[in-house]
Amino acid sequence: MVTQQTKSSAENREQDLALTYLRRIMMAPVYDIAKETDLTYLPKISAQLNNQVFLKREDQQPVHSFKLRGAYNKLQQLSSEQRSNGVIAASAGNHAQGLALAAKSLGVKATIVMPITTPEIKVNNVRHFGAEVRLIGKSFNEAQQAAIEFAKSEQKTFIPPFDDPDVIVGQGTVGKEILQQLADVDAIFVPCGGGGLLAGIAVYVKQIAPHVKVIGVEAEDSACLKAAFDAGKPVDLDNVGLFADGVAVKRIGEHTFDLIYKYCDQVITVSSDEICAAIKETFEQTRVIAEPAGALSLAGINKYVKTSKGNEKLVAILSGANMNFHSLRYVSERCELGEQKEAVFSVTIPEQKGSFRQFCQTLGGRAITEFNYRYSDANKANIFVGIRLSHGAEEREELVNILESSGYQVQDLTDNELAKLHVRYMIGGASKPMVKERLFRFEFPEYPGALEKFLNTLGELWNITLFHYRNHGAAFGQVLAGFEVADSEQQDFFAHLQDLGYEWFEETDNPAYQAFLSQKGE
């Protein structure tokens with residue numbers, strides 16, 4: 001039985017812990033190397049959203065992300081013996097660069113274990129800051145396990161990326177600066193992966209200004225915080241999306257979740273398209289190209305204002321700007337979908353003269369952004385069409401009603417990932433009837449031999465009927481593959497899929513595939 005005295009004692013311990021974090025954040029020595037970054041007012045976005053929107057510019061740090069703060073504060077707490085033995089971490093991104101520079105400034109030898117899939121530019125950046133790089137494993141988990149083993153065998157101190165009180169304290173200095181720069185702020189939007197930045201800001205802000213809302217923002221395909229809130233404790237996600245790789249974390253930290261659970265007001269999830277739209281908005285206002293994780297906060301504000309009261313002072317944290325240049329193609333393709341300025345449809349039209357013209361007239365003068373078609377049937381045709389929107393989701397719904405009332409069969413593919421990532425680039429009409437085809441989407445690690453492994457495991461055993469691959473500069477590429485699989489072979493086929501070891505999703509029933517690519521039998 002929990003007595004009032006026990007409850008009071010627990011509350012006192014919580015308050016003591018919060019005050020300890022407050023004191024430590026206020027005294028954190030991060031400014032030996034980090035800088036107090038600007039809080040930039042965004043007039044265009046503010047006018048559009050009927051709120052005052054500000055951007056906390058952590059892209060201005062020497063390593064172009066906030067991670068330097070936590071890494072430096074952690075190193076400052078080490079003993080002289082720990083420093084002399086060196087430190088080690090596993091990272092393919094901003095934590096690696098932040099730790100490398102922090103270690104260099106303190107004369108500490110740093111070793112960073114990175115997956116072999118890490119883009120060369122990131123490897124070179126870490127080496128530039130003086131750290132030793134060891135390329136091990138095909139995934140972050142393999143690299144991290146190797147780093148932990150090296151730490152034990154070489155007596156190095158392992159530096160975690162987020163789930164550590166010293167790291168949390170360093171990241172919390174961002175919250176301290178925001179309150180100093182904008183005392184009457186109403187809400188602060190914080191990107192969340194493992195939760196170090198959100199935990200540090202939340203515990204600080206709620207001690208100084210408890211009325212200020214602290215809102216975490218996650219990528220919807222990597223929402224480990226939302227899953228933890230639902231479960232009441234940290235849990236593992238089955239898989240995570242890779243576009244916003246800076247927050248692609250399967251499990252929220254234990255230390256971070258304890259603080260976030262107590263002091264964070266809300267968590268918002270956003271799609272990859274919404275992140276792309278925020279990257280574009282950030283560039284148009286500041287000429288800075290935010291990395292996907294860095295644009296999460298602004299994407300969260302865009303969603304928040306749809307139901308908020310308006311006329312608030314809102315701060316988005318631009319947490320990093322270490323964008324892989326090759327990812328910009330993906331961003332450019334998807335940002336207008338994220339802004340709800342474009343819709344994508346599959347529309348069935350009669351296979352007869354004048355059908356295209358009649359369809360365009362039905363659109364009422366709206367601009368067509370994309371039109372894909374190839375003859376495949378004597379009576380009807382499916383077209384893949386993109387249409388410019390002026391009034392977002394409302395107009396999109398209205399357009400579906402207009403087309404259906406005019407006698408067209410319509411499927412809205414605007415939220416269909418298979419259609420946007422693969423099908424729009426592959427439309428060529430269905431081929432001749434054949435044995436049953438099964439369609440699968442894979443996430444391929446970008447390392448030498450990955451494709452060969454795929455072909456050795458499946459390609460020699462089953463006929464590949466369709467294959468499409470696109471790389472957007474990330475550690476993983478996206479592959480769409482069709483296979484000729486007889487009913488009697490299905491059990492064996494799925495056993496081999498498991499042996500392959502890649503993330504896979506069956507897409508055979510996806511409406512975009514059925515409309516444009518499926519092998520139609522008689």
Side-chain angles (χ1 to χ4, degrees), residues 40-56 178 182 184-192 198 201-202 211-223 225-227 229-230 241 243-244 247 260 264-286 290 292-319 331 334-344 387-401 412-417 420:
T40 303
Y41 178 61
L42 305 180
K44 180 181 175 183
I45 296 173
S46 296
Q48 290 172 347
L49 302 183
N50 191 33
N51 286 270
Q52 295 182 56
V53 180
F54 299 80
L55 201 60
K56 180 60 173 167
I178 291 172
L182 190 67
D184 56 346
V185 60
D186 291 296
I188 302 172
F189 294 76
V190 188
C192 183
L198 178 57
I201 289 175
H211 61 281
V212 175
K213 286 178 281 189
V214 179
I215 299 173
V217 187
E218 293 187 291
E220 64 182 19
D221 55 7
S222 303
L225 174 57
K226 183 178 184 300
F229 269 132
D230 291 342
F243 173 56
V247 291
I260 292 167
C264 179
D265 294 279
Q266 183 182 351
V267 59
I268 293 173
T269 61
V270 294
S271 69
S272 293
D273 289 349
E274 289 167 333
I275 295 170
C276 289
I279 292 173
K280 178 187 174 186
E281 288 178 323
T282 301
F283 175 75
E284 289 179 342
Q285 287 277 284
T286 66
L296 272 175
S297 297
L298 186 55
I301 285 180
N302 285 331
K303 181 166 281 190
Y304 169 84
V305 299
K306 292 178 181 178
T307 56
S308 67
K309 63 183 181 181
N311 197 30
E312 292 183 293
K313 291 185 177 180
L314 311 176
V315 172
I317 298 175
L318 199 175
S319 58
V331 174
R334 304 292 285 265
C335 61
E336 292 208 333
L337 290 165
E339 294 175 311
Q340 300 193 46
K341 292 181 179 178
E342 183 186 24
V344 176
I387 300 170
R388 182 86 63 205
L389 303 177
S390 300
H391 304 292
E394 245 178 64
E395 185 180 3
R396 178 174 141 197
E397 188 176 339
E398 177 189 354
L399 193 50
V400 171
N401 292 333
D412 188 349
L413 303 180
T414 308
D415 297 322
N416 187 308
E417 192 65 18
K420 295 182 290 186

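This one's a predicted model, so the numbers in the text were calculated from it and none came from an experiment. Because only heavy atoms are used, hydrogens play no part in the values below, and waters and symmetry mates are left out as well, while side chains stay in.
- D186 contributes atom CG, which lies 7.0 Å from atom CG of L314 (distance to the nearest 0.5 angstrom).
- Note that CG of N302 is 11.0 Å distant from OG of S297, once rounded to the nearest 0.5 Å.
- Scanning both residues, A277 and C335, for their nearest heavy atoms gives CB-O, 3.6 Å.
- Considering only residues two or more places apart in sequence or on other chains, D221 meets the salt bridge (charged side-chain N to carboxylate O under 4.0 Å, His left out) condition with none of them.
- Atoms CD and CD, on Q52 and E312 in that order, are 10.5 Å from each other to the nearest 0.5 Å.
- A distance of 4.5 Å separates SG of C192 from CD1 of I260, quoted to the nearest 0.5 Å.
- In this structure, K213 NZ and S308 OG are separated by 7.0 Å, a value rounded to the nearest 0.5 Å.
- The closest side-chain heavy-atom distance from V217 to P191 is not below 4.5 Å.
- Applying the side-chain contact (heavy atoms from CB on, under 4.5 Å) test to V190 and every residue at least two apart in sequence or in another chain returns I188, L197, L198, I201, V214, I317.
- In terms of heavy atoms, V315 sits closest to K56 at CG1-CB, 4.2 Å.
- Other residues, nucleotides and ligands contribute over 12 non-hydrogen atoms within 6.0 Å of the CG atom of D184.
- Considering every non-hydrogen atom in both L318 and A290, the closest pair reads CD2-CB, 4.0 Å.
- Take F283 and apply the ring-ring contact (aromatic ring centres under 6.0 Å, His included) test, not counting sequence neighbours, and it matches no residue.
- Remark: the D412 side chain and the T414 side chain contain an N/O donor-acceptor pair separated by less than 3.5 Å.
- Residues that satisfy the salt bridge (charged side-chain N to carboxylate O under 4.0 Å, His left out) test with E218, not counting sequence neighbours, are absent from this structure.
- Under the side chain to side chain donor-acceptor pair (under 3.5 Å) criterion, E417 pairs with R334, sequence neighbours left out.
- Side-chain N or O atoms of E395 include one that pairs as donor or acceptor with a backbone N or O of S390 at under 3.5 Å.
- In terms of heavy-atom proximity, S319 sits nearest to G294 at OG-CA, 3.3 Å.
- Contact between A202 and C264 at its shortest, heavy atoms only, is CB-N, 4.3 Å.
- At a threshold of 4.5 Å between non-hydrogen side-chain atoms, the residues E281 and L42 do not count as touching.
- In terms of the side-chain contact (heavy atoms from CB on, under 4.5 Å) criterion, residue partners of N416 (sequence neighbours excluded) are, by chain and number, L413, L418, A419, N510, P511, A512.
- More than 12 heavy-atom neighbours from other residues, nucleotides or ligands sit within 6.0 angstrom of NZ on K303.
- Taking the side chain as every heavy atom from C-beta outward, V212 and I178 never approach each other to under 4.5 Å.
- Taking the six-membered ring where the residue is Trp, Y41 and F54 present tilted rings, their angle falling between 30° and 60°.
- Panel note: side chain N51, backbone K313; no donor-acceptor pair is recorded below 3.5 Å.
- At a threshold of 4.5 Å between non-hydrogen side-chain atoms, the residues E398 and H391 do not count as touching.
- In terms of modelled atom types and a separation under 3.5 Å, the side chain of T269 and the main chain of A219 share no donor-acceptor contact.
- The distance from the CG atom of D415 to the CG atom of D273 is 7.5 Å, given to the nearest 0.5 Å.
- With a 6.0 Å radius and a threshold of 12 heavy atoms from other residues, nucleotides or ligands, E394 has its CD atom at or below the threshold.
- Counting heavy atoms of neighbouring residues, nucleotides and ligands inside a 6.0 Å radius, atom CD of Q266 exceeds 12 of them.
- Side chains of P43 and Q285 form a contact here, defined as non-hydrogen atoms less than 4.5 Å apart.
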> Yes or no on side chain to side chain contact (heavy atoms under 4.5 Å, CB included) for I45 and L298, after CA distance, side-chain angles and deciding distance?
Replying inline: CA-CA 10 Å; I45 296 173; L298 186 55; 3.9 Å; yes

